[in-house]
Amino acid sequence: MAGSEDEEDYMSMDFSNIRTASLPETSLQRKQRLKREAEVRGRPKPKAELEAEEAAAREQALSTSLLETAAKKSKGLSMMKKMGFVAGKPLGAEDNAGARAEPIKPSLKEDRGGIGLDLERKRRLDEEVEKEGLAWKKVKVVDAGEFRDRVRKGRERERCERLVYAAQKTAVQMEEERDTERRTALNTAATTVGNNEEEAGVGGTKEKQNKRTLSTKPLKSINVLWRGLVRKREEAERDRRMRYDLQQSLSRLPTYEDDNEDEDDKQALGKTKTAYLPVEDLEEEDPDLDEFSALEPDEQLRRLVEYLRKEYRYCFWCKYTYPDEEMDGCPGLTEEDHD
Amino acid sequence: MSKGDRKRLSSEADDALPLKRVKKEDSDDATAISNNPYLAHLKQENDSANDYGLENLVENSALRGFTRRQSTAEQAAEAEDGDLNPFTGEPHSQQYFKILQTRRNLPVSKQRQEFLDMYHSTQILVFVGETGSGKTTQIPQYVVYDELPQLNKKLIACTQPRRVAAMSVAQRVADELDVKLGEEVGYSIRFEDRTSPKTVLKYMTDGMLLREAMHDHMMSRYSCIILDEAHERTLATDILMALLKQLANRRPDLKIIVMSATLDAQKFQKYFHDAPLLAVPGRTHPVQIYYTPEAEKDYVEGAIRTVLQIHATEDEGDILLFLTGEEEIEDTCRKISLEVDEMIREADCGPMRVYPLYGTLPPHQQQRIFDPAPGPLKKGGKPGRKCIVSTNIAETSLTIDGIVYVVDPGFSKQKIYNPRIRVESLLVSAISKASAQQRAGRAGRTKPGKCFRLYTEEAFKKELIEQTYPEILRSNLANTVLELKKLGVEDLVHFDLMDPPAPETMMRALEELNYLACLDDEGELTKLGELASEFPLDPSMAVMLISSPEFYCSNEMLSITALLSVPQVFVRPANKRREADEMKAMFKHPEGDHLTMLNVYHAFKGIQSRDGDAKKWCHEHYLSFRHLSSADNVRTQLKRIMETRGLELVSTPFEDKEYYSNIRRALVAGFFMQVAKKDGNGKIYRTMKDNNQAVMLHPSTVLTTDYDWVIYNEFVLTTKQYIRTVTGIRPEWLLEIAPVYYDAASWEGQPEVKRALKAAAERLKRRQAMRVSR
């Protein structure tokens, strides 16, 4: 099943994603992006938006008492004061309890909805909310600025997720390379090798041929930073194998044990024990991974980048493995530093 | 005191001092009149009354045994039954006795003695009578028979909130008394006075009585003032109530009756120091009220549906539907007619005639609502009915018999003023509970009826306010404050109004009058203010008119003011919008709507002076003949005031290139507080100072020249805010004509306006310097 992994990745990835994921934005791209954003900001406002603004301005004016603001210098007010007006008291005879202190607020009727319709709509909405237990209580007024902000944030998040994926891939690769190095070093250093070394040797040759198989390591032993990636790969692999097994075994379930088959047969049919090991593993609860997945993608990315620097002296942004701890030449930890 | 006792007492009094008392009072009046400079007209009236020999007439007539303010219902009935008319001395006509019969059947007639007893015992009386009780026509007549105004030379006034009501009621009462309208019974409304020296009973608008009071603070012409339809709480009625409350102490001889149609009369009672109350039941039948199970999504659609359902399923009886405005009503009438036609074709339905009813409808069309409902289409078929689609004028003021079903969506158009944004606008608003009850009551005039409310009972209880806000709380008070100043009210803050306005409203009014130089900084009336109060106009328009001779265009400003005082002269029928717009374009002046209106008026006068058929011409040009004619009438009245006040009537020669700019400058003199400046390059304008609102020119405008600054006549408050009737102006004029309001140095409004004003000031200075150096 050589190359199946690559195919999988390729299919799941959007073409444009790869570029942004692997390359930092160039200054030219950035300029264009800023220009685009400025255009959106500077476009003439649509009527609905203008109306909403007007309504807001009117609302503001209607709810501000003149006696507190404009009237400080009003000649009208000073005339009234001469007649004995006291701010905060209504006009008219002393004993007139019903006198108004505030002007009547005009309410604009915009449609032909009958009396009580607004109230009824609101009540129905509340009922629905209660029934379905929806989190949102009120329909928010769609604000264009807010909408743009939301879309922008969504895009940033997606991009960040892709970067996390790329970093995880790098980390897996680095890890595998180091493992191989270690093993070869071990191989050369000590000729007496335990039984289990055989397997590693096989693995090593496989890696040299740039073939990947499922990791035999238990998932929990993999660093949580990229455990998610491995897990996903394993899940994909399992699904692929199960499909394959199903096709091969025809009427048999993949777990069917045929007494006539010996170990070699099993190996030939791809029914190795290890093939089912990850399946059990995959079904296990993994609170560590859940915790990591719950983090915001930018935090995940930050941890990955930090890890790569510490462990491999590799800067994810420079795409370069530095020879020493100082990482001389790398501008800094964050993407912005690399702009 | 029983009826018998009273009769005996009064007849004794009659025997003891026949007419003496009356004569004595008469002489008191004579001295009062000679001392009072305001009452020169009364003196004249006095003399002329003697010429007519009225006193002789009374002594020989059926009123002989009457003692003023001691008469009884029985005496009056006897006099009414007599052969000779006690007011004219002529024999009564046949018609008179016929009407008398129906009058005697009115609910109020049964309580005539009760009314007189109470009237005699108190100075102020609150009278409650539901519509149909006959109070508006009968009570003033009862007072006439009791006050003997022909003898004491004091009139009886009865105020009405609406001009039309004052006119039609006066006509009706003249018929009932068998006299000619304009003689013994007359009316007085803005721009029209139909009274004579013989007049004893005068129907008038409440605003008219207020104007009279400005010259006669004591209201000394009247012995009794009746405020009718007080429940409507118009601005003028509210002010009159406050004035009369004050005046009652200074004039113990003056009787005041406050009449209301609704049962919340306790408020009136309390206001008038717990005045006694007399209630007369209306002649009404029970009305079943139905609510909708849930709120309507579209109240117009719901209303149409309900009307059609009534027509299809309910028994005989006419329908009254309440909607909000002209356009909505016309539209609905069309839709209902179309649907009914289909119902007749498809189902076996009776015919239905649909009539619109609103204030600006021509009178002959308003009259059609009284046409009887159509008969069945064929013999033995389902009976026809009529459906009246009306604004809230059918709520109290117009009584239509035969209505059995009322459809009430619960809305009406109401004027609202808010001092914080300085905008007065007509807005569709929910009615009050009192209004809803009034509407329902219209279904029970002839037989038990049904009222369909297009809202839930819960909404009725929770969403509707108890009472409609009185007009004084919904109006710009600039005019009222000016009137009050002229009425001699010094302390506006503690003026005892039934519902005092919000302090901010008062503040704005004083401020506006100060900017218009009608009040000085101390709050005293200036000469200009004094003069402005003479005009039955808004202060800004009055000031504009008064200052127009300075701009050499007072003739033209008279025309424009008159045109702005009547409803829109341009007619734009829904199905002929394009044609109407094309015709309007013929009169178009690129610099603004005011000038376009002036062009229309000039063309109209041109046709009239050439003896053309102005009515036909108006029809062809999509103009309202009625409104143009009434503008013409208003102009004549205003011109008379100008002449009597010694204001010059001048015009710039039409050939002069300054002809139109002079007019535009004169407009600025009155409307400088209604200015908007263009905001950037778009279509958005912004109004000035603390009233900083984004507005657009109303689509009806003809203004095509690109002006950065415009004045407007009206601010239309909708979701899109419009300014209507606009004319372009130059910022320099604002500095020249309203330097205090537009003082750039102390400007605290929008900074860009301040910059523009400064730039204009610079230009102005430069130009002046050039002129000097030349």
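Note: hydrogens, waters and symmetry copies are ignored here, and every other heavy atom, side chains too, is used. Everything numeric in this text was worked out from a predicted model, so none of it was measured. Naming convention: chains lettered A, B, ... in sequence-line order (proteins, then strands); numbering from 1 in each chain.
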Q: Give a yes/no verdict on a cation-pi contact between B/R474 and B/Y417, requiring under 6.0 Å between NZ or CZ and the six-membered ring centre and an angle within 45° of the axis.
A: no
Q: Go through B/Q414, B/E490, B/K297 and name the one with the most non-hydrogen pairs under 4.5 angstrom from chain A.
A: B/K297
Q: Could you have a look at A/D111, A/D118, A/I104 and say which one has the most heavy-atom pairs with chain B under 4.5 angstrom?
A: A/I104
Q: Are B/F411 and A/K109 packed together at the side-chain level, in the sense that at least one heavy-atom pair is separated by less than 4.5 angstrom?
A: yes
Q: With a 4.5 Å cut-off on heavy-atom pairs, point out which of A/S107, A/A87, A/G113 contacts chain B the most.
A: A/G113
Q: Please determine, among B/G523, B/P503, B/G410, the option with the most heavy-atom pairs under 4.5 Å with chain A.
A: B/P503
Q: Pick from B/S425, B/P409, B/P419: which one has the most heavy-atom pairs with chain A under 4.5 Å?
A: B/P419
Q: Donor-acceptor pairs under 3.5 angstrom involving side-chain atoms of residues 457-464 of chain B: please list them, not counting sequence neighbours.
A:
| residue | atom | partner | partner atom | Å |
| --- | --- | --- | --- | --- |
| B/E458 | OE1 | A/R123 | NH1 | 3.2 |
| B/E458 | OE2 | B/K462 | NZ | 2.8 |
| B/E463 | OE1 | A/G116 | N | 3.3 |

Q: Between A/A101 and chain B, which part of the residue has a heavy atom less than 4.5 Å away: side chain, backbone, both or neither?
A: backbone
Q: Side chains of B/D408 and B/F452: closer than 4.5 Å at any heavy-atom pair?
A: no
Q: Against chain A, work out which of B/V300, B/I431, B/V695 has the most heavy-atom pairs shorter than 4.5 Å and name it.
A: B/V300
Q: Using a cut-off of under 4.5 Å for heavy-atom pairs, which of B/V428, B/T505, B/L492, B/T456 has the most such pairs with chain A?
A: B/L492
Q: Look at B/L497, B/L473, B/L519, B/L454 and state which one has the largest set of heavy-atom pairs under 4.5 Å with chain A.
A: B/L473
Q: For A/R33, does the CZ atom have more than 12 heavy-atom neighbours from other residues, nucleotides or ligands under 6.0 Å away?
A: yes
Q: Using non-hydrogen atoms only, which part of B/L510 is less than 4.5 Å away from chain A: side chain, backbone, both, or neither?
A: both
Q: Can you confirm whether B/L516 sits close enough to B/M673 that some side-chain heavy atom of one is under 4.5 Å from a side-chain heavy atom of the other?
A: yes
Q: Are B/E471 and B/R233 ion-paired here, with the side-chain N under 4.0 Å from a carboxylate O?
A: no
